[in-house]
Amino acid sequence: MLALLRNGDSWLKKLLGKMGVSIGVLGIVDWPGLGYSDRPKLDYNADVMEKFLVDFISAPDSPIVSSASDNDCVVFGGGRAATIAVRAAKKGLVKPKAIAAVAPAWACPLPIVFGRDSSMESRYGLLRETLRAPAVGWMMYNVLVSNEKAIQSQYKSHVYANPENVTPSIVESRYALTKQKGARYVPAAFMTGLLDPVNSREEFVELFAGLKEDIPVLVMSTASAPKRSKAEMESLRGAKGVSKFVEVPGALLPQEEYPQIVAEEIYRFLLGEF
């Protein structure tokens with residue numbers, strides 16, 4: 001099994017283990033530039049993340065290579081990670097036994113609000129390069145991303161469903177990650193749309209529809225997601241390629257806020273399919 005989770009930890013392994021599930025080898029990995037992974041100065045985009053996924057699964061020294069070679073790898077992903085995994089599977093670059101998409105997403109903030117015409121793309125490019133710059137980039141990054149008040153505000157307003165679940169320790173741990181060397185490179189790409197694996201809701205739905213019929217797919221929507229994010233998740237309800245669609249408590253990170261419920265849904269999905 002492969003879990004693609006921001007700020008990866010062992011919640012999935014612990015909870016599924018308590019339920020008595022034989023999970024074999026479980027790999028939990030953070031995307032490059034995020035969580036506890038290295039943060040090299042790359043030109044990050046959805047293609048880079050997809051290649052990382054494919055290389056991680058197929059590398060000779062991958063911890064899950066035996067499962068992947070036997071087409072016995074189940075992939076769990078949250079947000080864009082889920083969509084990138086589905087995109088790779090549609091292309092035939094990975095061949096998972098099943099996919100669980102937790103709060104799947106595709107659209108980054110600025111292009112959704114201001115569009116993608118040529119003039120706006122030029123502005124996004126300027127913003128992106130400014131954030132990546134040595135001195136002024138850090139200053140802007142500290143204002144927009146790397147400060148505890150901003151992190152707390154975002155988590156309470158739309159990342160978590162219940163503001164009371166946003167504890168000081170959560171804010172502190174996320175803040176610490178933003179202070180690591182190279183931490184601003186992926187947010188610069190994210191904010192300006194380069195991590196979007198598709199460019200429209202139609203393409204998003206088509207990704208799932210284009211999967212092979214023998215790949216079961218669980219989609220988890222959330223009850224309290226922001227309006228636009230909720231609409232994207234709901235576009236997959238009853239869609240071709242989606243084997244099971246459920247709604248769980250939470251907003252954008254239900255696997256962090258309500259891990260027990262998310263794990264139970266994954267358990268029921270696997271039990272029903274295998």
Side-chain angles (χ1 to χ4, degrees), residues 1-31 34-37 63-64 67 72-86 96-105 151-152 154-177 216-226 229-230 232-234 236-237 242-274:
M1 295 184 181
L2 174 63
L4 302 166
L5 304 170
R6 189 176 70 177
N7 305 326
D9 53 33
S10 60
W11 66 267
L12 186 59
K13 181 177 180 180
K14 289 178 180 178
L15 291 175
L16 289 180
K18 288 180 181 179
M19 295 177 197
V21 181
S22 177
I23 61 175
V25 177
L26 173 62
I28 303 178
V29 62
D30 283 326
W31 293 104
L34 292 171
Y36 299 107
S37 288
I64 62 168
S67 296
D72 200 32
C73 177
V74 178
V75 176
F76 307 97
R80 266 157 215 79
T83 310
I84 291 172
V86 170
K97 188 175 182 179
I99 298 173
V102 182
I151 293 170
Q152 183 182 63
Q154 290 175 13
Y155 266 70
K156 286 188 174 184
S157 67
H158 62 274
V159 177
Y160 276 20
N162 185 351
E164 294 183 0
N165 290 335
V166 184
T167 63
S169 63
I170 288 175
V171 175
E172 290 169 7
S173 67
R174 303 305 181 265
Y175 176 69
L177 290 172
V217 176
L218 167 67
V219 170
M220 260 186 249
S221 180
T222 57
S224 303
S229 299
K230 176 76 169 179
E232 304 307 329
M233 296 178 203
E234 287 295 319
L236 297 172
R237 186 186 291 272
V242 177
S243 311
K244 184 177 183 181
F245 185 100
V246 299
E247 183 177 276
V248 297
L252 297 183
L253 291 177
Q255 68 270 25
E256 287 187 14
E257 190 176 7
Y258 299 102
Q260 180 73 46
I261 295 173
V262 170
E264 287 172 354
E265 289 292 349
I266 292 174
Y267 169 68
R268 283 193 283 268
F269 169 64
L270 295 178
L271 196 65
E273 293 294 337
F274 308 115

Passing candidate, side chain to side chain contact (heavy atoms under 4.5 Å, CB included) with V86, options I99, V219, V75
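When I99, V219, V75 are each tested with V86, the side chain to side chain contact (heavy atoms under 4.5 Å, CB included) holds only for I99.
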Quick check: do P168 and V171 have side-chain heavy atoms less than 4.5 Å from each other?
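Side-chain contact under 4.5 Å: no.
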P254 and I261, any side-chain heavy atoms less than 4.5 Å apart:
no
Sorted by chain and number, sequence neighbours left out, side chain to side chain contact (heavy atoms under 4.5 Å, CB included) with S224 holds for A161
Which residues share a side chain to side chain contact (heavy atoms under 4.5 Å, CB included) with A105, sequence neighbours left out:
R80
Could you tell me which residues satisfy side chain to side chain donor-acceptor pair (under 3.5 Å) with [X], sequence neighbours excluded, listed by chain and number?
X: N162; answer: none
X: E265; answer: R268
X: T167; answer: S169

Interatomic distance, [X] atom [atom1] to [Y] atom [atom2] [nearest 0.5 angstrom]:
X: M220; Y: F269; atom1: CE; atom2: CZ; answer: 9.0 Å
X: D30; Y: L177; atom1: CG; atom2: CG; answer: 8.0 Å
X: E256; Y: Y155; atom1: CD; atom2: OH; answer: 5.0 Å
X: L253; Y: I170; atom1: CG; atom2: CD1; answer: 10.0 Å

With side-chain contact (heavy atoms from CB on, under 4.5 Å) as the criterion, how do F274 and K97 come out once you've worked through the C-alpha distance, each side chain's angles and the decisive distance to 0.1 Å?
CA-CA 10 Å; F274 308 115; K97 188 175 182 179; 3.4 Å; yes
Mind running side-chain contact (heavy atoms from CB on, under 4.5 Å) on F245 and S221 for me, showing each step along the way?
CA-CA 7 Å; F245 185 100; S221 180; 3.5 Å; yes
Can you list the steps and then say if F76 with I266 is a side-chain contact (heavy atoms from CB on, under 4.5 Å)?
CA-CA 9 Å; F76 307 97; I266 292 174; 3.0 Å; yes
Can you list the residues that meet the salt bridge (charged side-chain N to carboxylate O under 4.0 Å, His left out) rule with E234, with sequence neighbours excluded?
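With neighbours one apart ignored, the set is K230, R237.
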Backbone N or O of E257 within a donor-acceptor pair of the N165 side chain at under 3.5 Å?
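No; judged by distance alone, with no hydrogens or angles, the pair does not exist.
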Under 3.5 Å, side chain of T222 to main-chain N/O of A103, donor-acceptor pair present?
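Side chain of T222 to backbone of A103: no pair is present.
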Closest contact, heavy atoms only, V242 versus L236
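Closest pair (atom of V242, atom of L236, distance): CG2-O, 3.7 Å.
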